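Here the structure is laid out as structure tokens; the discussion comes afterwards.
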Amino acid sequence: MRRVTLYDSMTRTTRDFAPMLPPRVGLFVCGLTPYDRAHVGHGRGFVIFDMVARALRRWGYRVLYVQSVTNIDDKVIARAAATGADPLALSDRNFREYLALAERLRIRSVNYYAYSTDHLPDILAQVGQLLDRGFAYVAADGSVYFSVAKFPAYGRLSGQKVEALQPGARLAPDERKAAPEDFVLWKAARPGEPAWESPWGPGRPGWHIEDTAITSRIFGPRYDLHGGGLDLIFPHHEAEIAQAESATGAAPLVNYWMHWGLLTLRGEKMSKSIGNTSSLEGALEAVGPDVLRFYYLNAHYRSPLEFDEAKSLAEAVEAYGRLARPADRIDELLARDGPERAGEELSEARRSAADDLVEQLDRTLANDFASREAIALLFGWSRTLAEDLDGLARWSGAALEQLAAPYRWGEEVLGLFGRAAAGPSGALPGAVAAAIAARRRARERGDFAEADRIRSELRAAGIELEDGPAGTRWTTTDRA
RNA sequence: GCCAAGGUGGCAGAAUGGUUAAUGCGGCGGACUGCAGAUCCGCUUCCUGGGGGUUCGAUUCCCUCCCUUGGCUCCA
């Protein structure tokens with residue numbers, strides 16, 4: 001297992017990562033409340049933790065990655081009521097849509113998506129435990145609240161003092177609570193709302209309880225790593241700590257807390273509540289998974305990241321294109337001629353440069369997942385290879401694989417360099433290959449009007465031609 | 001008011017107690033080209049919010065002030 005350091009929000013320091021039962025790692029990330037469609041901001045956190053899980057696995061850790069799905073809550077109910085839909089059907093549909101996007105974004109590292117409603121027995125058990133141990137109370141309407149006064153460590157993660165909080169700063173205080181800082185574990189159902197039976201009457205889980213019920217079930221009372229957006233630190237993660245540590249008596253609930261920075265739009269947080277969102281699907285449609293992942297990972301995970309609809313993705317398209325070009329050329333050659341293709345072998349110096357770079361990439365990323373720095377290293381490799389792109393054709397299959405090693409690393413860990421559309425002319429369908437040949441003949445006899453006509457015809461069909469010293473190359477403009 | 005995260009070139013964004021502060025975008029120049037585009041090369045050496053302090057040396061560490069964003073019980 002590689003040594004990994006990461007910034008822990010609880011201690012506000014960068015620490016060596018030491019799982020409790022190496023090489024096993026329990027990883028939990030707060031997922032979506034799918035009352036609406038996912039936006040670009042959601043994608044950031046999930047791509048970041050996809051990278052974290054991929055990297056840890058590459059480095060020898062056995063990661064069990066669980067992500068929650070808050071499929072029942074006030075917003076789901078409100079949205080369902082507004083649209084006449086069934087709440088659970090609504091959240092299920094939105095979540096399935098997200099899953100399809102996640103698949104296209106190559107987010108495949110999550111082992112288990114845990115729906116709140118699939119863990120009701122665990123939730124009821126934990127609420128019961130909190131009541132038995134005296135940390136919670138039942139209100140007149142049958143709702144159950146956690147009594148924050150019973151948990152002195154409350155506020156440690158966020159640095160907040162309970163006395164300094166301003167109840168009602170943004171939301172109207174709930175008058176059923178004994179104290180304004182208390183939070184709800186179980187919400188009594190109002191007429192017409194989805195409800196489950198409980199010892200305290202019909203109701204549904206509060207927002208925070210599902211996550212600790214799920215992690216207690218899967219990991220036990222303590223686990224290694226918890227991720228989430230910076231906006232979840234208070235109150236959500238604070239509440240998780242309070243309820244779980246009170247219910248189980250074991251502490252700390254989590255050994256390492258990682259929080260990612262939010263996406264901003266004109267300097268303001270992108271949020272469904274503010275309404276300044278841009279859909280994840282739209283971004284994925286516009287630029288494809290490689291560019292979108294590149295955009296997310298081209299900033300440190302903890303930094304705020306500005307999403308300018310007019311510029312950010314366009315810039316990422318340019319930058320990623322430059323980064324991936326040599327990788328695409330190598331893959332073209334390998335796809336056309338196979339891994340056994342004949343050619344020169346790499347010099348010892350060249351081969352060890354590739355190996356050294358891969359080691360450097362691992363080392364860089366293992367330092368608090370500095371993906372931006374790793375990408376800068378990959379740019380350096382691309383710059384070297386780009387000096388003689390056409391010259392890549394002289395290498396053997398084995399040599400090309402060695403040159404591609406840093407890109408294979410990027411594929412495995414960052415999920416970039418998807419091998420798709422671009423291809424050499426030889427692999428074209430016959431009709432298109434014939435068109436390119438006809439254009440070549442037209443150019444040779446000086447009939448440029450005909451040559452340009454063929455070029456624009458192919459362009460209309462989604463095929464771009466590129467004339468270079470080594471002949472005409474083509475790429476499709478479709479995106480994977 | 002309190003808590004947290006930030007403030008780096010035209011822009012997006014790294015990093016570090018010490019040679020020219022990474023990388024990319026954009027811009028400019030050149031190569032290539034029938035043309036265009038694409039691509040490649042070079043340049044873009046005057047960028048670390050203000051003020052103090054520690055140090056031989058601070059963008060980095062400390063203090064203070066200013067500003068931005070997030071949170072204060074809905075949020076990725």
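Everything numeric here is computed off the predicted structure, so don't read it as measured data.
Under the ring pair (Phe, Tyr, Trp, His ring centres under 6.0 Å) criterion, A:Y112 pairs with A:H119, sequence neighbours left out. Listed by chain and residue number, nothing satisfies the ring pair (Phe, Tyr, Trp, His ring centres under 6.0 Å) test with A:W409 (two or more places apart in sequence, or in another chain). Remark: A:H300 pairs with no residue by the ring pair (Phe, Tyr, Trp, His ring centres under 6.0 Å) rule, at least two apart or across chains. Remark: A:R350 engages no residue in a side chain to side chain donor-acceptor pair (under 3.5 Å) (not counting sequence neighbours). Under the side chain to side chain donor-acceptor pair (under 3.5 Å) criterion, A:S68 pairs with A:D211, not counting sequence neighbours. The ring pair (Phe, Tyr, Trp, His ring centres under 6.0 Å) check on A:Y295 picks up A:F307, with sequence neighbours excluded.
Distance A:D388 CG to B:U39 P: 17 Å, rounded to the nearest Å. Summarising the geometry, the separation between OH on A:Y98 and C1' on B:A76 is reported as 9 Å, rounded to the nearest angstrom. Taking atom CG on A:D211 and atom C1' on B:A76, their separation rounds to 12 Å, with Å as the unit. Atoms CZ (A:R302) and P (B:G7) sit 12 Å apart, rounded to a whole Å. Regarding A:I375, its CD1 atom lies at a distance of 18 Å from the P atom of B:A22, rounded to whole Å. Atom CG of A:L313 is separated from atom P of B:A12 by 15 Å (rounded to the nearest Å). Here B:U68 presents its P atom at 18 Å from CG of A:L262, a figure rounded to the nearest Å.
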All N/O donor-acceptor pairs, side-chain side in residues 155-162 of chain A, below 3.5 Å, sequence neighbours left out:
from   : atom 1 : to     : atom 2 : distance (Å)
A:S158 : OG     : A:Q160 : N      : 3.4
A:S158 : OG     : A:E238 : OE1    : 2.5

Donor-acceptor list for residues 223-231 of chain A side chains, cut-off 3.5 Å, not counting sequence neighbours:
from   : atom 1 : to     : atom 2 : distance (Å)
A:Y223 : OH     : A:H226 : ND1    : 2.8
A:D224 : OD1    : A:M20  : N      : 2.8
A:D224 : OD2    : A:G26  : N      : 3.0
A:H226 : NE2    : A:H237 : NE2    : 3.3
A:D231 : OD2    : A:K269 : NZ     : 3.1

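Within 4.0 Å of A:G41, counting heavy atoms only, lies at least one base atom of the nucleic acid.
Contacts between residues 229-242 of chain A and RNA chain B, defined by a heavy-atom separation below 4.0 Å, involve A:G229, A:D231, A:L232, A:F234, A:P235, listed by number.
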Please write out each protein N/O paired with an N/O of nucleotides 13-16 of chain B under 3.5 Å, distance rounded to 0.1 Å.
from  : atom 1 : to     : atom 2 : distance (Å)
B:G13 : OP1    : A:E306 : N      : 2.8
B:G13 : O2'    : A:R372 : NE     : 2.9
B:G13 : O2'    : A:R372 : NH2    : 2.9
B:A14 : OP1    : A:H300 : N      : 2.8
B:A14 : OP1    : A:S303 : OG     : 2.5

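Contact annotation: A:R322 side-chain N/O to B:C41 OP1/OP2 distance is under 4.0 Å. For A:R443 and B:C35, the shortest distance from a side-chain N or O to OP1 or OP2 is not below 4.0 Å. Dashed line: the shortest gap from a side-chain N or O of A:R383 to OP1 or OP2 of B:C40 is not under 4.0 Å.
The stretch residues 363-386 of chain A participates, sequence neighbours left out, in these salt bridge (charged side-chain N to carboxylate O under 4.0 Å, His left out) pairs: A:R302-A:D368, A:E359-A:R363.
B:G49 and B:A58 are spaced 16 Å apart, taking the C1' atom of each and rounding to whole Å. Across the C1' atoms, B:G26 and B:C65 are found 35 Å apart, a figure rounded to whole Å.
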Under a cut-off of 3.5 Å for both distances of each Watson-Crick or G-U pair, what dot-bracket string does RNA chain B give, using [ ] for crossing pairs and | for inter-strand pairs? (((((((..(((.....[....)))((((((.......))))))....(((((..]....))))))))))))....
